[in-house]
Protein chains: 2
Amino acid sequence: MQRDGDRRVRRTRALLHQSLIELIMAKGYTRVTVQDILDHADVGRSTFYSHYNSKDDLLVESGSDHLRAMIAKASASPGDPAAADDDPLLPALLIFRLAGANRQLYQSLIGGRGSAKVVSIAKGMLTEVFTDHLRRARPATDAIELEPTVAFLVNGLMGLLIWWLDTRPDLAPEEVYRRFVHLATCGVLT
Amino acid sequence: MQRDGDRRVRRTRALLHQSLIELIMAKGYTRVTVQDILDHADVGRSTFYSHYNSKDDLLVESGSDHLRAMIAKASASPGDPAAADDDPLLPALLIFRLAGANRQLYQSLIGGRGSAKVVSIAKGMLTEVFTDHLRRARPATDAIELEPTVAFLVNGLMGLLIWWLDTRPDLAPEEVYRRFVHLATCGVLT
DNA sequence: CGGTTAGTGAACATACTGTTCATGATTGAT
DNA sequence: ATCAATCATGAACAGTATGTTCACTAACCG
C-alpha cells in the first residue's frame with residue numbers, strides 16, 4: 001500500500017511525534033521545549049521547522065491524528081452496555097475511555113502537570129464534536145441556543161475529566177461517565 | 001490613617017499593578033511581557049523582581065485584591081430581584097455582573113485574546129467560592145460528591161462566561177445568569 | 001538628622017525561538 | 001542503474017525574554 005509522501009518525511013514526523021509524547025509524559029507539556037524534542041528525536045533544528053511552526057503545531061497535528069484513529073476504532077463498536085447508541089452525550093463516554101486507557105499521557109496533558117493551553121486546544125476539538133453530535137441528535141434545537149449549551153457542557157466535561165485524572169484515577173471511566181450524564185442532564189443540585 | 005509599609009513600596013506596587021491592567025486591555029495578557037510592564041511603569045528591572053517573581057505573580061496578587069474589594073462591595077447589597085438571597089448559585093450572578101461591568105478587561109483576561117493560564121487561576125478562585133457556598137447552602141451533601149460537582153459547575157460557568165464575552169457581549173449579565181441557572185439545574189437537554 | 005530601606009540602571013548569564021544556507025544524503029520515478 | 005527532485009543536516013545568526021547581581025543614589029521613617 002502506497003502511503004503518501006516521502007519515506008524520510010514519514011520517518012521524521014513519526015520521530016518528532018513519538019518524542020513529543022514521551023517528553024510530555026516525562027516532564028509535562030508546558031516544560032517541554034522545541035530544543036528538548038530536537039535532542040530527544042535527534043533531528044536537526046531546521047528539519048523541525050520545515051515540518052511544523054511550533055510545539056503547539058506539532059501537538060495539534062499529532063493529537064488530531066491520534067484522536068481520529070481512536071474515534072474510528074471506538075465508533076466501530078456499537079451496542080455498548082454502558083450507554084444507549086443514541087445517547088446524545090455518547091462522545092463523552094469515548095473521551096473518558098480514551099483518557100482512562102492513557103491516563104499518564106492525558107494527566108500530563110490536561111491535568112495539574114499539564115498546560116492550560118492544551119486544555120483550550122482540547123476544548124476546541126470537543127466543541128466541534130458535541131456541536132455536530134447534538135445537532136444531529138436533536139435537530140429541533142435552536143442553533144442560537146446550541147452554542148452556549150455546548151460551551152457549558154464541554155467545559156463541565158473538561159472540569160470533571162481533570163478532577164478525575166488529578167484526584168481520583170481509581171474510578172472507572174464508566175463511573176465517571178455516569179456522573180457526567182447525571183450532572184449534565186439532572187443538574188448539579190440533585 | 002497609617003497604611004502599612006513604606007510609601008515607596010506602595011507607589012511602586014500601585015504603578016506595576018496599574019500598568020499591568022492597562023497593558024492587558026491593550027494587548028491581552030499573554031502578549032504582555034515583564035519588559036512591557038517595566039517600560040510602561042517606568043520602573044527598574046531589579047525593582048520589579050524585588051517585589052514579584054513573575055508576571056503571573058503580579059497578576060495573582062493584583063487580582064486577589066481586586067476580587068476581594070469587588071466581593072465586599074457586592075455582597076453588601078441583599079434583596080436582589082434577579083435572584084433569591086438563598087440561591088445556591090448566587091455567586092455566579094456576582095461573577096457575571098463583575099465581568100459585565102469590566103467587559104474589556106475580563107475579555108482580555110479570559111476571552112480569546114486572554115490566557116488559558118489566567119483561566120485556570122480564575123477557576124481556582126471560583127472553586128473555593130462555590131465549595132464554601134454549596135457546603136453552606138446544602139450541608140447534607142456528601143463531601144465526596146461535592147468535589148466533582150463543583151469541578152463541573154465551575155468549568156461550565158467559565159465556559160459560558162467566555163462564550164458570553166467573546167461572542168455575545170450584548171447580553172445582560174442577568175440574562176446570562178438565567179441561562180447558567182437553567183443549564184446547571186435543569187440540565188443541558190431541556 | 002541619620003540609619004535603614006528601596007529604587008536605579010547597566011551589565012551579565014542563560015535559555016529558547018525561528019531563520020538561513022551551503023552541503024550531502026535519500027528517495028521515487030524513469 | 002541513473003538522475004533530478006526532494007529532504008535532512010548542522011552550524012551560525014539575530015532576536016527576544018528572563019532572572020540575577022551590584023555598586024550607587026534617593027527617599028523614607030522615627
Side-chain angles (χ1 to χ4, degrees), chain A residues 1-24 26-62 65 108 113-118 121, chain B residues 1-24 26-62 65 108 113-118 121:
Chain A
M1 81 198 213
Q2 169 78 354
R3 302 176 57 184
D4 52 354
D6 196 305
R7 175 189 300 156
R8 290 166 293 181
V9 173
R10 290 198 307 271
R11 191 192 97 93
T12 300
R13 292 173 111 97
L15 222 47
L16 292 173
H17 183 132
Q18 182 62 25
S19 296
L20 177 62
I21 291 183
E22 289 176 17
L23 286 168
I24 284 173
K27 318 175 57 173
Y29 180 75
T30 315
R31 303 172 64 184
V32 176
T33 68
V34 173
Q35 192 64 56
D36 288 335
I37 301 172
L38 304 183
D39 293 344
H40 188 276
D42 195 22
V43 152
R45 179 167 212 74
S46 45
T47 305
F48 178 92
Y49 283 106
S50 71
H51 288 280
Y52 306 100
N53 295 319
S54 62
K55 191 180 66 163
D56 285 0
D57 198 20
L58 171 58
L59 176 72
V60 170
E61 194 142 318
S62 304
D65 290 355
S108 300
R113 292 178 57 214
S115 153
K117 197 181 291 177
V118 175
I121 293 174
Chain B
M1 83 198 213
Q2 169 77 355
R3 302 177 58 183
D4 54 353
D6 196 306
R7 176 190 300 156
R8 289 167 295 180
V9 173
R10 290 198 308 270
R11 191 191 97 94
T12 300
R13 291 174 111 98
L15 221 48
L16 291 173
H17 184 129
Q18 182 61 25
S19 295
L20 177 62
I21 290 184
E22 287 176 18
L23 286 168
I24 285 173
K27 319 175 59 175
Y29 180 75
T30 315
R31 303 172 65 184
V32 176
T33 69
V34 173
Q35 192 64 55
D36 289 335
I37 302 172
L38 303 184
D39 293 346
H40 188 275
D42 195 23
V43 152
R45 179 167 211 74
S46 43
T47 304
F48 178 92
Y49 283 106
S50 71
H51 287 280
Y52 305 101
N53 295 319
S54 63
K55 192 180 66 162
D56 286 1
D57 198 20
L58 171 59
L59 176 72
V60 170
E61 195 143 319
S62 304
D65 289 356
S108 300
R113 292 178 58 213
S115 153
K117 196 181 293 177
V118 176
I121 293 174

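Lettering follows sequence order; numbering is per chain, from 1. Bear in mind the structure is a predicted one, so any value in this text is a computation, not a measurement.
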>> Could you check whether A:Lys27 pairs with A:Asp36 (Lys NZ or Arg NE/NH1/NH2 to Asp/Glu carboxylate O, under 4.0 Å)?
In response: yes
> For the residue pair B:Leu20 and B:Leu59, what are the closest heavy atoms and their distance?
Replying inline: CD2-CA, 3.8 Å
> C:dT20 P sits how many Å from A:Tyr49 OH, rounded?
Replying inline: 13 Å
> Given the rule in the side-chain contact (heavy atoms from CB on, under 4.5 Å) test, do B:Thr47 and B:Leu38 qualify, once you have shown the distances and angles that lead to the verdict?
Replying inline: CA-CA 9 Å; B:Thr47 304; B:Leu38 303 184; over 6 Å; no
> D:dG19 C1' sits how many Å from B:Leu58 CG, rounded?
Replying inline: 16 Å
> For the pair made of NZ in A:Lys55 and P in C:dT17, what is the distance, rounded to whole Å?
Replying inline: 7 Å
>> Restricting to non-hydrogen atoms, name the atom on B:Phe48 and the atom on B:Leu58 that form the minimum distance, rounded to 0.1 Å.
In response: CE1-CD2, 3.9 Å
> Where along residues 27-36 of chain A does a heavy atom come under 4.0 Å from DNA chain C, residue by residue in number order?
Replying inline: A:Thr33, A:Val34, A:Gln35
> Between A:Ser19 and A:His40, what is the shortest heavy-atom contact and its length?
Replying inline: OG-ND1, 3.1 Å
>> Rounded to whole Å, please give me the gap between CD1 in B:Ile37 and C1' in D:dA17.
In response: 12 Å
>> Can you give me the closest heavy-atom contact between B:Ile24 and B:Val32, atom names plus distance?
In response: N-CG2, 4.0 Å
>> Do A:Tyr49 and A:Asp57 pair up side chain to side chain, a donor and an acceptor below 3.5 Å, judged on atom types alone?
In response: no
>> Run A:Arg11 and A:Arg8 through side-chain contact (heavy atoms from CB on, under 4.5 Å) and show every step you take.
In response: CA-CA 5 Å; A:Arg11 191 192 97 93; A:Arg8 290 166 293 181; 5.6 Å; no
>> I need the minimum non-hydrogen distance between B:Leu16 and B:Tyr52, along with the two atoms involved.
In response: CD1-CE1, 3.8 Å
> CD1/A:Ile21 to CD1/A:Ile37 distance, rounded to the nearest 0.5 angstrom?
Replying inline: 11.0 Å
>> Just the rounded figure in Å: distance from P of C:dT17 to CZ of A:Phe48.
In response: 8 Å
> Which whole-number value in Å describes the distance from A:Arg7 CZ to C:dA29 P?
Replying inline: 11 Å
> Which parts of residues 14-23 of chain A get close to DNA chain C, meaning a heavy atom less than 4.0 angstrom away?
Replying inline: none
> What does nucleotides 3-11 of chain D look like as a protein-contact string, B for base, S for sugar-phosphate only, - for none, at under 4.0 angstrom between heavy atoms?
Replying inline: ---BBSBB-
> Is A:Lys55 close enough and on-axis enough to A:Tyr29, meaning under 6.0 Å and within 45°, for cation-pi?
Replying inline: yes
